[in-house]
Amino acid sequence: MKITDNTQCDIWYQALLNRAEEFTGVFFVGVKTTGVFCLSVCRARKPKRENVEFYTDFKSALDAGFRPCKVCRPTENASTAPDFIEHALKLLRVQPKERVSDTELRQNGISPERVRRWFLQNHGITFQAFQRMQRVNVALQELKTGRSTTEVAFDNGYGSLSGFGYTCKKLTGSSPGTRKEIILIHRFTTPLGPMFVCATERGVCLLEFVDRRALETEFRDLQHLFNANIIAGENAHTHQAEKEMGEYFAGVRQSFDVALDTPGSEFQRRVWEGLQGISFGDTAHYQALATEIGKPTAVRAVASANGANRVAIVIPCHRIIGKDGSMTGYGGGTARKAWLISHEDKIRKAHL
């Protein structure tokens, strides 16, 4: 949202002049003379007050026609975990089976309150809840190797079998012995903002920008389709998705190898396969896609299936535009869609 209150804008402009770290991600400043938008900490030369506009989110700045500053990289760094969060996560990775307490955080110079606020804002859960999900995921992975429930429970720091069973059932919807499927969700940053990747044991089932409007509905649909709960965690598929997306944005990957697990009707799957058949750097429209999959009269159904795609970029629904070349709707926003198409076009031409 664009902010027009002069008093608020004056406060933020002063924060920009001071390169105030505490305002990182709080506002985004669009510079009319250069066409870029920045974070409060940007090292670039400071613009005059009359040449800036302020936004509460970078998506609004993108929609207004501003492009990310190459100096401060606002779409990446506004959502990147700050140093104190990285430190807290490092403590967790060192001993993934142990709980990192508030006391331990303080002993390492980390404020538990700041950690809690950051996790609530960026993950929707507290750091302690995040840890519980991680520990359950580690335990479930060990159960799949054939270890006994008793051995896994006590080895992962649970004081009793009943405690392990209760936590597992609360988070996954079933007891450890039933091995009900779970969906793991992981958050990572990209040049166009943070994304969520969800994966089952078989592959990625969701890849979306975190500010997508229909995201909560997609989460509910996934849990219903798989009869599974979504918990924070990582596996080989989430790791590969993050790696390949990094390569895509860096311009060194034009196709994806990550495994997908995308439930849908036969018609939807045909449409998604058709989308993956649109070459990198090319675009198409609904009529052309309908003809390509052998359903030339099913244009509306093709459009609906395109909108039902939950795996952004890998299944490239962003390559669908209007017959007149206009930017049609996109779950991540038309500004992102235009960026992705432009990015692929530049990469393709560079390789000709």
Side-chain angles (χ1 to χ4, degrees), residues 58-59 62 67-81 183-212 215 218 233-262 264 269-284 288-289 292 306 308-321 327-328 330-352:
F58 65 75
K59 189 175 180 183
L62 284 169
R67 62 185 186 279
C69 171
K70 292 183 179 180
V71 177
C72 64
R73 297 182 298 169
T75 53
E76 296 173 82
N77 293 327
S79 304
T80 300
I183 301 170
L184 299 177
I185 183 170
H186 173 62
R187 181 182 183 275
F188 64 97
T189 58
T190 78
L192 287 184
M195 299 186 79
F196 281 131
V197 56
C198 290
T200 64
E201 293 180 348
R202 296 172 296 280
V204 169
C205 56
L206 179 142
L207 181 65
E208 295 280 19
F209 291 101
V210 300
D211 55 6
R212 193 198 198 289
L215 197 55
E218 290 188 337
E234 301 174 59
N235 63 13
H237 302 304
T238 63
H239 291 155
Q240 187 174 351
E242 182 176 0
K243 175 180 178 290
E244 292 188 9
M245 289 303 296
E247 294 167 347
Y248 167 84
F249 280 107
V252 297
R253 175 176 287 276
Q254 298 185 19
S255 61
F256 297 91
D257 301 315
V258 64
L260 301 181
D261 188 8
T262 51
R269 289 195 294 271
R270 288 179 66 182
V271 171
W272 298 337
E273 289 171 2
L275 287 169
Q276 291 175 291
I278 303 173
S279 299
F280 184 93
D282 288 339
T283 56
L289 181 57
E292 179 66 27
N306 183 72
N309 172 37
R310 304 181 192 89
V311 185
I313 302 178
V314 176
I315 298 178
C317 54
H318 63 276
R319 294 176 190 162
I320 295 295
I321 61 175
M327 289 296 120
T328 51
Y330 182 60
T334 54
R336 281 198 182 106
K337 180 173 185 171
W339 190 99
L340 292 168
I341 291 174
S342 175
H343 170 70
E344 294 182 358
D345 184 56
K346 290 176 183 176
I347 299 302
R348 182 188 63 174
K349 288 178 178 177
H351 286 79
L352 290 178

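Computed from a prediction, not measured in an experiment: that's the story for all the values here.
Not counting sequence neighbours, the partners of R336 by the salt bridge (Lys or Arg N to Asp or Glu O under 4.0 Å) test are D211. Legend: residues meeting side chain to side chain contact (heavy atoms under 4.5 Å, CB included) with Q240, ordered by chain and number and at least two apart, are E244, D257, V258. Qualifying salt bridge (Lys or Arg N to Asp or Glu O under 4.0 Å) partners for K349, counting only residues two or more places apart in sequence or in other chains: D345. With sequence neighbours left out, E247 forms a side-chain hydrogen bond (donor to acceptor under 3.5 Å, both in side chains) with K243, R253. Evaluation of the side chain to side chain contact (heavy atoms under 4.5 Å, CB included) rule for H343 yields Y248, W339, I347 as partners, not counting sequence neighbours.
R202 and A259 make their closest contact through O-CB, 3.5 Å (heavy atoms, listed as atom of the first residue, atom of the second, distance). Of all heavy-atom pairs spanning F209 and I313, the tightest one is CZ-CD1, 4.4 Å.
A donor-acceptor pair is defined here as one N or O able to donate and one able to accept, closer than 3.5 Å; such a pair exists between the side chain of H237 and the backbone of E201. Looking at D261, its side chain never comes within 3.5 Å of a backbone N or O of A199 through a donor-acceptor pair.
A 4.5 Å side-chain heavy-atom check between L206 and I183 finds every atom pair outside the cut-off. Proximity of L340 to F249: side-chain heavy atoms (C-beta onward) are separated by under 4.5 Å at one or more points. Side-chain atoms of M327 and I321, non-hydrogen and from C-beta on, do get closer than 4.5 Å to each other.
The distance from the CG atom of N235 to the CG atom of L184 is 5.0 Å, given to the nearest 0.5 Å. How far CE of M195 is from CZ of R187: 12.0 Å, rounded to the nearest 0.5 Å.
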Indicate every side-chain donor-acceptor pair of residues 272-284 with a distance under 3.5 Å to a residue at least two apart or in another chain.
from: W272; atom 1: NE1; to: A305; atom 2: O; distance (Å): 2.9
from: D282; atom 1: OD1; to: R348; atom 2: NH1; distance (Å): 2.5

